[in-house]
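The structure appears right after this line, and notes come after that.
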Amino acid sequence: MIGIFDSGVGGMTVARAVETLLPDYQFIYYGDLARTPYGSKSSEAIIEYSIENTEFLIEHGAKVIIIACNSAASVASDILRRKFTQPVFEVISPAVERAVTSTVHGNIGVIGTRATIRSGIYDLKIKQLGPKLRVFSQACPLLVPLVEEGWLDARETKMILRKYLTPLKQKQIDTLVLGCTHYPLLKDLIEHRMGKKRTRLIDSSIEAALTLKKYLNDNPVFCKSMQRGSKNKYFVSDITKAAVATAEKIFGRPIDLEKV
Ligand code: DGL
């Protein structure tokens with residue numbers, strides 16, 4: 001079974017990509033809604049929560065973990081890999097690889113929460129793969145609440161996006177990493193603002209699912225040990241109306257959230 005965790009329901013963009021790309025595998029999702037958002041928390045708190053979330057998933061049968069939260073992945077990936085024997089995947093490295101191979105002029109933009117941008121992880125990983133590439137990062141703390149309010153097409157959302165994205169546009173980026181679980185829901189607006197032909201958007205949820213798919217194809221013995229086929233489960237540490245609505249928006253159907 002694949003274990004996926006996030007600070008809330010935004011990570012369901014990753015679960016959705018897993019469902020689409022790996023339909024034969026069962027997954028269990030854990031959204032830490034009681035302690036969301038992670039993006040404004042200290043690294044120490046995010047690491048502690050990430051360890052607890054991983055333990056929960058493993059106790060419930062997960063054989064492989066996906067950190068479906070950029071904020072958690074930015075500070076906790078290495079720690080989880082050292083602490084647990086199960087393979088740990090995350091949303092950052094696959095998006096970085098795709099961005100590095102996609103850029104034409106070498107100007108890459110990254111948007112994310114304050115925690116993700118503060119960690120400098122995208123900058124570090126991109127420069128490791130392409131030392132000459134230029135990375136322009138922008139924290140966008142207002143976007144998660146806007147998505148959770150369902151303001152996906154509101155005038156205010158467009159205005160705030162313009163404020164965040166204009167500096168990146170001025171840097172003439174040709175590739176933009178959506179470094180937060182919630183941003184795929186704003187893809188159309190972001191694409192419109194940046195110019196579809198000028199800037200390629202990298203959706204970390206899809207890239208993470210593709211990486212796991214490749215790992216499972218390359219490791220048939222491990223792949224065999226994974227339980228397949230039964231119903232996916234969605235656990236959360238709290239339930240709110242906004243979370244139920246966001247989950248439904250991501251999957252395009254009602255999702256049964258179970259509070260634990
Ligand atoms: N899941 C978080 C991320 O991808 C966004 C929400 C939060 O701040 O907890 O960074």
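Numbers here simply count residues along the sequence, with the first being 1.
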Looking at residues at least two apart in the chain, or sitting in another chain, which of them share a side-chain hydrogen bond (donor to acceptor under 3.5 Å, both in side chains) with Asp218?
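Scan of Asp218 (side-chain hydrogen bond (donor to acceptor under 3.5 Å, both in side chains), adjacent residues dropped) gives Lys214.
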Residue list, side-chain hydrogen bond (donor to acceptor under 3.5 Å, both in side chains) with Ser77, at least two apart or on another chain:
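So Ser77 forms no side-chain hydrogen bond (donor to acceptor under 3.5 Å, both in side chains) with any residue.
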Got a second to check how far [X]'s [atom1] is from [Y]'s [atom2], nearest 0.5 Å?
X	Y	atom1	atom2	result
Arg118	Ser74	CZ	OG	8.0 Å
Leu165	Leu176	CG	CG	6.5 Å
Ile66	Thr211	CD1	OG1	9.0 Å

Ignoring hydrogens and geometry, is there a side-chain-to-backbone donor-acceptor pair from Thr103 to Ala99 under 3.5 Å?
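Answer holds: no.
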Does Asn232 reach the main-chain N or O of Phe27 with its side chain, forming a donor-acceptor pair under 3.5 Å?
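Here the side-chain-to-backbone pair exists.
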Name all residues meeting the side-chain contact (heavy atoms from CB on, under 4.5 Å) criterion together with Thr36; count only those two or more places apart in sequence or in a different chain, and write none if there are none.
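side-chain contact (heavy atoms from CB on, under 4.5 Å) list for Thr36, sorted by chain: Ser7, Leu33.
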If you look only at distance, which donor and acceptor atoms sit under 3.5 Å apart when one is on a side chain in residues 50-62 and the other is two or more places apart or in another chain?
residue, atom, partner, partner atom, Å
Ser50, OG, Ile46, O, 2.7
Glu52, OE1, Arg35, NH1, 2.9
Glu52, OE1, Arg35, NH2, 2.9
Asn53, ND2, Tyr38, OH, 2.9
Asn53, ND2, Tyr49, O, 3.2
Thr54, OG1, Ser50, O, 2.7
His60, ND1, Phe56, O, 2.9

Pairs satisfying salt bridge (Lys or Arg N to Asp or Glu O under 4.0 Å), at least one member in residues 151-170, at least two apart
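Qualifying pairs: Asp153-Lys158.
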Enumerate the residue pairs fulfilling salt bridge (Lys or Arg N to Asp or Glu O under 4.0 Å) with a member in residues 79-95, sequence neighbours excluded, ordered by first and then second residue.
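Listed by first then second residue: Asp78-Arg81, Arg81-Glu90.
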Pairs under 3.5 angstrom only: tabulate donor-acceptor contacts from the side chains of residues 184-198 to other protein residues two or more places apart or in another chain.
residue, atom, partner, partner atom, Å
Lys187, NZ, Asp203, OD2, 3.1

Qualifying residues under ring pair (Phe, Tyr, Trp, His ring centres under 6.0 Å), relative to Tyr215, sequence neighbours excluded:
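Checked Tyr215 against ring pair (Phe, Tyr, Trp, His ring centres under 6.0 Å); matches are Phe89, Phe222.
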Show every side-chain hydrogen bond (donor to acceptor under 3.5 Å, both in side chains) that has at least one partner inside residues 140-151, sequence neighbours left out.
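Residue pairs passing side-chain hydrogen bond (donor to acceptor under 3.5 Å, both in side chains), neighbours aside: Glu148-His182.
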Which pairs of donor and acceptor atoms, one on a side chain in residues 245-260, lie under 3.5 Å apart (sequence neighbours left out)?
residue, atom, partner, partner atom, Å
Thr246, OG1, Ala242, O, 2.8
Arg253, NH1, Glu19, OE1, 3.4
Arg253, NH2, Glu19, OE2, 2.7

Just to verify, which of Leu212, Asn219, Val88 counts as forming a side-chain contact (heavy atoms from CB on, under 4.5 Å) with Val64?
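When side-chain contact (heavy atoms from CB on, under 4.5 Å) is applied between Val64 and each of Leu212, Asn219, Val88, only Leu212 qualifies.
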For residues 121-144, tabulate all N or O donor-acceptor pairs below 3.5 Å that involve a side-chain atom, not counting sequence neighbours.
residue, atom, partner, partner atom, Å
Tyr122, OH, Asn70, OD1, 2.5
Asp123, OD2, Lys127, NZ, 3.4
Lys125, NZ, Ser93, OG, 3.3
Arg134, NE, Asn107, OD1, 2.5
Arg134, NH2, His105, O, 2.8
Arg134, NH2, Asn107, OD1, 3.1

Which residues, ordered by chain and number, are linked to Leu210 in its hydrophobic cluster, where ILVMFWY side chains connect at heavy-atom gaps below 4.5 Å, directly or through other members?
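Same cluster as Leu210: Leu21, Ile206.
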